[in-house]
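This report refers to the structure that appears directly beneath it.
Just so it is clear, the values below take in all heavy atoms, side chains as well, and ignore hydrogens, waters and symmetry mates. Quick note: residue numbers are just sequence positions, from 1. One-based numbering, in listed order, for ligands and for the atoms of each.
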Amino acid sequence: MVLQGKVALITGAAQGLGKAFSQALLRRGARVVLLDMKHVEGQQTGQEMADKFGPENSTFIQCDVTAKEQLDSAFNKASSQFGGLDLVVNNAGILDEVQWERCLAVNLEAVIRGTYNGLNHMSTQNGGRGGHIINVASIAGLLSSIPAAPVYTTSKHGVVALSRCMGHAMHYKRHGVRVNALCPSFTDTDIIHVTEDSMGKDFWMVPKTVQKLGGLLPVSTVVEGFLQLVEDDTQLTGAVMRVTLAKGIDYKQYREE
Ligand SMILES: NC(=O)c1ccc[n+]([C@@H]2O[C@H](COP(=O)([O-])OP(=O)(O)OC[C@H]3O[C@@H](n4cnc5c(N)ncnc54)[C@H](O)[C@@H]3O)[C@@H](O)[C@H]2O)c1
Ligand SMILES: CC/C=C\C[C@H](O)/C=C/C=C\C=C\C=C\[C@@H](O)[C@@H](O)C/C=C\CCC(=O)O
């Protein structure tokens, strides 16, 4: 996808990966709607983007992705303000094994809703232009050996499965919308600074695992993978991109099922 003039909606865009993805898209000439539940950080990031790239090219909408009305309304606002959507990035996520129901609601249910909303808005069947949905999963969504984070891992496995199903050629033919998953390993953002309050007694395993894996990915490497996926012009759909320190950027290969 050539990004110049395209319209993207990104959830969890106030900070971390979502903010970096937004900035990368704006740099390439896209217009970006930033969604986040954090009002102060979101306003600040929105202002930063407006100052750098022009106020007409981005907007911040406060939105808790788990609240159906807020998410639906944010999609409607984004679409009417910028004249349709071309790219939806379901990125908002949390790591919370204590309030695990919330973890599933943010990481999985809201990504399902965001994927369906993206299809509704971009489908050629509904008068849309077609487009691309990128669901931010995690390497955790491809592993079954993260005992400290069973619900987070489950949620991310769900995101990978959802993206592969909705990225299937059957859906692509119907809607003209590609769906792919992005699976980074541990990256240098706030989410990995876990405490006992959110992770329970096994929280200490996270820094240990990071150490065992050789450290954290810089955000810039994940942005590089993200941009490769967005700018891919081979009609890739249902794909799962991995970004790891050990192997860099690659795609998980699946046998025919
Ligand atoms: N950093 C990593 O190690 C890593 C690795 C793989 C995948 N991921 C995934 O990347 C995504 C982005 O995380 P990050 O690393 O930038 O972490 P982060 O904590 O810096 O950013 C997450 C953002 O999501 C927002 N958010 C959380 N709940 C929300 C809700 N209900 N509604 C709207 N916004 C909400 C937060 O306010 C925050 O701005 C997440 O899905 C995460 O699971 C992160
Ligand atoms: C616990 C989740 C924390 C942060 C969220 C984020 O999505 C990152 C997840 C990234 C990767 C998790 C990897 C966990 C791996 C464990 O199974 C560990 O035991 C593996 C240890 C060594 C593997 C060595 C290797 O294969 O190279």
Give a yes or no on whether the backbone of [Y] and the side-chain of [X] come within a donor-acceptor separation of less than 3.5 Å.
{"X": "Arg178", "Y": "Leu236", "answer": "yes"}
{"X": "Asp202", "Y": "Ala148", "answer": "no"}
{"X": "Thr66", "Y": "Ala105", "answer": "no"}
{"X": "Glu97", "Y": "Tyr152", "answer": "yes"}

* Structure fact -> Output for pair (Thr209 OG1, Phe186 CZ), nearest 0.5 Å, gives 5.0 Å
For [atom], which of [options] has the closest heavy atom?
{"atom": "atom 2 (C) of ligand 1", "options": "Thr187, Asp190, Val159", "result": "Thr187"}
{"atom": "atom 28 (N) of ligand 1", "options": "Val206, Leu71, Ile94", "result": "Ile94"}
{"atom": "atom 13 (O) of ligand 1", "options": "Asn90, Leu95, Thr11, Ile191", "result": "Ile191"}

Should the proximity of [X] to ligand 1, defined as any heavy atom under 4.0 Å, be assigned to the side chain, the backbone, both, or neither?
{"X": "Ala140", "result": "neither"}
{"X": "Asn91", "result": "both"}
{"X": "Gln70", "result": "neither"}

* Looking at ligand 1, does Ala137 have a heavy atom less than 4.0 Å from it? -> yes
* Asked: Does ligand 1 have an atom under 4.0 Å from some heavy atom of His39?
  -> no
* Taking the side chain as every heavy atom from C-beta outward, state whether Val179 and Asn135 have any pair of such atoms under 4.5 Å apart. => yes
Counting only nitrogen or oxygen atoms and a 3.5 angstrom limit, does [X] reach ligand 1?
{"X": "Thr189", "result": "yes"}
{"X": "Ala13", "result": "no"}
{"X": "Ser138", "result": "no"}
{"X": "Lys156", "result": "yes"}
{"X": "Val106", "result": "no"}

* Asked: Which ring-ring contact (aromatic ring centres under 6.0 Å, His included) pairs, counting each pair once, include a residue from residues 14-69, with sequence neighbours left out?
  -> Phe21-Phe226
Under a 4.0 angstrom heavy-atom cut-off, which atoms of ligand 1 come close to [X]?
{"X": "Lys38", "value": "37 (O)"}
{"X": "Asp64", "value": "30 (C), 31 (N), 32 (N)"}
{"X": "Tyr152", "value": "7 (C), 8 (N), 42 (C), 43 (O)"}
{"X": "Phe186", "value": "3 (O)"}
{"X": "Ile192", "value": "3 (O)"}
{"X": "Met37", "value": "28 (N), 29 (C), 30 (C), 31 (N), 32 (N), 33 (C), 34 (N), 35 (C)"}
{"X": "Cys63", "value": "32 (N), 33 (C)"}
{"X": "Arg102", "value": "31 (N)"}

* Asked: Given Asp86 and His132, is the side-chain contact (heavy atoms from CB on, under 4.5 Å) satisfied, shown in steps?
  -> CA-CA 6 Å; Asp86 301 287; His132 194 167; over 6 Å; no
* To do: Consider only side-chain N and O atoms of Thr11 and Asn91, and report whether a donor and an acceptor are under 3.5 Å apart.
  => no
* **Between Asn126 and His121: side-chain donor-acceptor atoms closer than 3.5 Å** => no
* Asked: Taking all atoms of both residues into account, what is the closest heavy-atom pair of Val230 and Leu25, and its distance?
  -> CG1-CD2, 4.4 Å
* For the student: nearest non-hydrogen atoms of His175 and Ser123, plus distance -> ND1-OG, 2.9 Å
* Structure fact -> Contacts of Arg31 meeting side-chain contact (heavy atoms from CB on, under 4.5 Å) (sequence neighbours excluded), chain-then-number -> Val7, Asn57, Phe82
